[in-house]
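Structure first, commentary second.
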There are 2 protein chains.
Amino acid sequence: MAKTKRSFQRVTIKDVAEYAKVGVGTVSRVLNNSPHVDQHTRQRVLEAIKVLGYFPNPHARRLSTGSSQLITVITPEMKGDFYQILMSAIDEVLFKYGYSSLLYPLYNEKKYEALKRSSDILLSTDGLIVDAVNVDKVLSNIIKPQTPVVCIEQESDDYDSIMVDNYYGGIIAGDYFADFDMDIFVVTHRKSHELESTVFDERLEGFQESLEKKGRSIDKVYYVPLDWESTFEVARRIFYRFKRCAIFTTTDYLAVPIIEVARTMGLKVGEDVRVCGFDDLPIAQVLEITTVRQPIAEMGRLAAETLIKRISGKLKEKPKKYILKPELVIRST
Amino acid sequence: MAKTKRSFQRVTIKDVAEYAKVGVGTVSRVLNNSPHVDQHTRQRVLEAIKVLGYFPNPHARRLSTGSSQLITVITPEMKGDFYQILMSAIDEVLFKYGYSSLLYPLYNEKKYEALKRSSDILLSTDGLIVDAVNVDKVLSNIIKPQTPVVCIEQESDDYDSIMVDNYYGGIIAGDYFADFDMDIFVVTHRKSHELESTVFDERLEGFQESLEKKGRSIDKVYYVPLDWESTFEVARRIFYRFKRCAIFTTTDYLAVPIIEVARTMGLKVGEDVRVCGFDDLPIAQVLEITTVRQPIAEMGRLAAETLIKRISGKLKEKPKKYILKPELVIRST
DNA sequence: CTGAAAGCGCTTACAG
DNA sequence: CTGAAAGCGCTTACAG
């Protein structure tokens, strides 16, 4: 009876079996909703579970079945609407297939250390969805080989990847701006650490390229952190000098403070001041911001569906790149 | 040889043991950095692990040890700086004790369903930190009894709780406002679903109470969703009529757009327009917003430390309430 | 320092 | 429909 390893002995399937006077197999069957259980036995077992306050041990279950029904989602951060939309879409699909998601945002360097440190549950789930983090460089050493992975917003040699053609998105914005007879500015984000994505640069590049092809050019590019406070400053600086101009922001998030400053300063947004964002976040819809729509939810769904197929073995071909095209949504700004 | 249950047979500790010509116990020992292993044996095992590409199965390990070294953190959402600060503080402490965090934001109703559905790994970690979600009502049925839990921003009958005296925070803001010879407005958040916290209301209540005691009153309370776009609207509406007024926002987040609108409209913030927020988010520091400081990081650390103590059995008394006092930080607004 | 063996709590053919 | 038993992949006294 040297059972005192743990101070509090949990109630196990065996206790339930004894109490209900059945075998553990039967308890397991009612736990898993097997149809091959007599109604009365089932009731007895259910009763025992309730009385004893039994909760199955997921580790044992997982060890036994070999699958965790869990997907790890790794993102570079977790602020803003983008991730909420993405995660909701992913969760929706996963839920349908009986999976749950484990969210792991790498919002600081330590989180990455913590991830590396242990061959943790986080990396031992049935699959990974990795957003905007370089899998090949950053994660390949710590991910178990053969683990199904799908990347979003990031290319990969080894895994399926879902991407938006950000360069193309920049181009269509540039095409749109080329006709404006005013100064053209860009407000974009400068990345602050290695793990961050390059989407902003790609968007800017496409924008620039397109303008140049049409004989136009960007008058100035403003780099800001992904904060509104800094963007307010920049907006004031711009509008102080230019009462008439067109501004392309590489994400809607940065368009908002700019529009607000313009409006509050009495400038006519949509006429004197033109603003076009990127992403089509909910905020862009609410504020009627002209933008380049990125199908975030679609990316999430596609990633999840693809991952599930890989896990179930339905998809056996070599890694594929899914490139989704953004589209220009002209609204009131 | 009916081993073909899984298409891809993982390499296990047994394979490593055979390859290195040792027992599995020895492999386990080097895995766990036991000092009682001969240098040469250790090398052989390490070599085998590398060659075979072995990754230990965390489920087996956990089943065996009975502990997961994992803490689940449940929050009502994940947007904004608040959670980043809180999570960083929690992670810091957990990391020190060899734990990792699993983040589970209940950002929509489905997430809650998903959590309930399965006696999931998420609820079978070594402990839970629950922020601003009613544990007693919402989670008690699905949490295993005896699971250590610490609540943040939410009272509980059964568990330790870390709270900020939001009512008191409202009071000190009210005391500060009472001397202003101008109209007083409040911009606050109306909660949209059951799981949300009541902190905003408590802050408002304290504010109101304090003003009344000093013979003043709130001229109008504006309820907004936690979005800046709506707050911009409200700010414009206010400043259109009142060029001189004092505004208390129940979170800094809502103070930002108000200040921006005021500034852009040419009003003197800090003189004609007074704004005081709540929380002391980074944004409040950057913009020099007068605010009621909530010690977010301290709450996170305290929660994590308390939980660890509960888990290790060092804390055996009955649940305790830790109430942290907020303080007024007068800055330039 | 090391191996053989029991045990962690489940699931799942297998045989009734 | 049901029970006994093997097996999932680890850890950890126990006995050398």
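Here is the naming used below: chain letters follow the sequence lines, and residue numbers restart at 1 for every chain.
Residue A:Val22 is classed as a sugar-phosphate contact, given heavy-atom separations below 4.0 Å to backbone atoms only.
The side chain of B:Thr41 has C:dC1 as its nearest neighbour among D:dC10, C:dC1, C:dG9. When distances are taken from the side chain of A:Leu31 to each of C:dT11, C:dG3, D:dT2, the shortest belongs to C:dT11. With distances taken from any side-chain atom of B:His36 to the nucleotides D:dG7, C:dC1, C:dA13, the minimum falls on C:dC1. Here the nucleotide nearest the side chain of A:Leu63, chosen from C:dT2, C:dG9, C:dC10, is C:dG9. Out of D:dT2, C:dC10, D:dC10, the shortest distance to the side chain of A:Ser64 is found at C:dC10. Listed nucleotides C:dA5, D:dG9, C:dC10 differ in distance to B:Val24; the shortest reach to its side chain belongs to C:dA5. Of the candidate nucleotides D:dG9, D:dC1, D:dG3, D:dC1 has the atom nearest to the side chain of A:Asp38. Here the nucleotide nearest the side chain of A:Pro56, chosen from C:dC10, C:dC8, D:dT12, is C:dC10.
Of the residues B:Lys320, B:Lys318, B:Arg310, B:Lys309, the one that meets the side-chain hydrogen bond (donor to acceptor under 3.5 Å, both in side chains) test with B:Asp160 is B:Arg310.
Stacking of A:Lys110 on the aromatic ring of B:Phe95 is not recorded, the 6.0 Å distance cut-off and the 45° axial limit not both being met.
Using modelled atom types and a 3.5 Å distance limit, the side chains of B:Asn33 and B:Arg42 yield no donor-acceptor pair. Side-chain contact annotation: B:Asp91 with B:Ser101, donor-acceptor N/O pair under 3.5 Å present. Judged by distance alone, the side chains of B:Gln69 and B:Ser67 do bring a donor and an acceptor atom under 3.5 Å apart.
B:Ile13 is linked by a side chain to side chain contact (heavy atoms under 4.5 Å, CB included) to B:Val24, B:Val27, B:Ser28, B:Leu31, B:Tyr54, counting only residues two or more places apart in sequence or in another chain.
Comparing D:dA13 with D:dG9, their P atoms sit 23 Å apart, to the nearest whole Å.
Phosphate contact (OP1/OP2 of D:dT11, side-chain N/O of B:Ser28, threshold under 4.0 Å): present. Close to D:dT11, at under 4.0 Å from its OP1 or OP2, lies a side-chain N or O of B:Asn32. Residue B:Thr65 places none of its side-chain N or O atoms closer than 4.0 Å to OP1 or OP2 of D:dT11.
Counting non-hydrogen atoms of neighbouring residues, nucleotides and ligands closer than 6.0 angstrom, the OH atom of B:Tyr322 exceeds 12 such neighbours.
For A:Arg62 and D:dG9, a side-chain-to-base donor-acceptor distance below 3.5 Å is absent, hydrogens and geometry of angles not being considered.
A residue-by-residue look at B:Gly25 and B:His59 shows that B:His59 has its nearest nucleotide of DNA chain D further toward the 5' end.
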Show me the dot-bracket string of DNA chain C, counting Watson-Crick or G-U pairs under 3.5 Å, with | for pairs to another strand and [ ] for crossing ones.
|||.||||||||.|||
